Amino acid sequence: GSGTSFYSANQQAIVGTLNGISVANYTPASGGLQAKAFVFPNAGTVFPSIPDNTAFDFRNNISWDCVACMSNLSNRQSIWAQINTSSPWNGMGLVSFSLDSSGHLAWWGGNYVTDASGNWWDTGLSPTVDKWAYAAGTWSSTTQKAYLWNHGATSMSTATTTARGKFVGTAAANTFRVGDNGSEAGNALQILDGAIAFVRIWSTALTDAQVTQNFNSIRGRFGL
């Protein structure tokens, strides 16, 4: 379907904007195979960013997945963010591996028509440290679903919420940041400590079967 991918092995989408992040072979300390990844330095303040593009309008439906490894559960270990540069918290999406040090997968929604539960959704799903993890999410209308497969797992963990509103922000002046939350650029406490192998984003809501198919197609590359 329609979507955009950011792969460490194919830098075409972010040439010139790696901002000092190295692309290298990365092996998690505790579990998983070596793979090409964006490698973030511990306590670093740099991250890749991708300029605005009209294809990045995900206000109606959105799905994403990624494979990443974080080295600790401290602070907000951001995977990716789509933010409005003039007003970051009006951005249209942020996915994080922790929420206020809870160590859960979390998803910031940004600008809503209605939002009964607050802008953060703490999924309650717990990724492991120093191991590859596959994370995914879908959003259609007011329903969000999150998926997580940790290294060594035997089944996909999921979480669902329906108390969410629809985006009302504009698609203008938004950028993607890989490994940073976008709200406090340059703050090492908000940037991933570890590695991200890829991020894929679709402008449609994938089904459970499609998420599973995507996971099965890449899990062998990471020893998942």
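This one's a predicted model, so the numbers in the text were calculated from it and none came from an experiment. This chain uses plain numbering: 1 for the first residue, then up along the sequence. Scope of the values below: all heavy atoms of this structure, side chains included, with no hydrogens, waters or symmetry mates.
Distance alone, capped at 3.5 Å, places no donor-acceptor pair between the Trp149 side chain and the Phe215 backbone. A distance-only check finds no donor-acceptor pair linking the side chain of Thr123 to the backbone of Ala146 [under 3.5 Å]. No donor-acceptor pair under 3.5 Å is formed between the side chain of Ser22 and the backbone N or O of Ala24. Put simply, the side chain of Asn150 gets close to the backbone of Ser126: a donor and an acceptor are under 3.5 Å apart. The closest donor-acceptor contact from the side chain of Gln77 to the backbone of Asp193 lies under 3.5 Å. Looking at Ser63, its side chain does come within 3.5 Å of a backbone N or O of Thr204 through a donor-acceptor pair.
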Ignoring hydrogens and angles, write down the donor-acceptor pairs under 3.5 Å from the side chains of residues 127-134, residues two or more places apart or on other chains.
unit_1	atom_1	unit_2	atom_2	d
Trp132	NE1	Leu33	O	2.8
Tyr134	OH	Asp65	OD2	2.9

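At a threshold of 4.5 Å between non-hydrogen side-chain atoms, the residues Lys145 and Val211 do not count as touching.
Scored by the side-chain hydrogen bond (donor to acceptor under 3.5 Å, both in side chains) test, Asn25 finds no partners at all (sequence neighbours excluded). With sequence neighbours left out, the side-chain hydrogen bond (donor to acceptor under 3.5 Å, both in side chains) criterion links His104 to Asp122.
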Trace of the side chain to side chain contact (heavy atoms under 4.5 Å, CB included) decision for Tyr147 with Thr138: CA-CA 9 Å; Tyr147 307 76; Thr138 62; 4.2 Å; yes
Criterion side chain to side chain contact (heavy atoms under 4.5 Å, CB included) on Trp80 and Ile201, from CA distance to verdict: CA-CA 10 Å; Trp80 63 265; Ile201 301 162; 4.3 Å; yes
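Between Phe198 and Phe222, the angle of the ring planes lies from 30° to 60°, which puts this pair in the tilted group. By the 30° and 60° cut-offs, the orientation of the rings of Trp139 relative to Trp107 is perpendicular.
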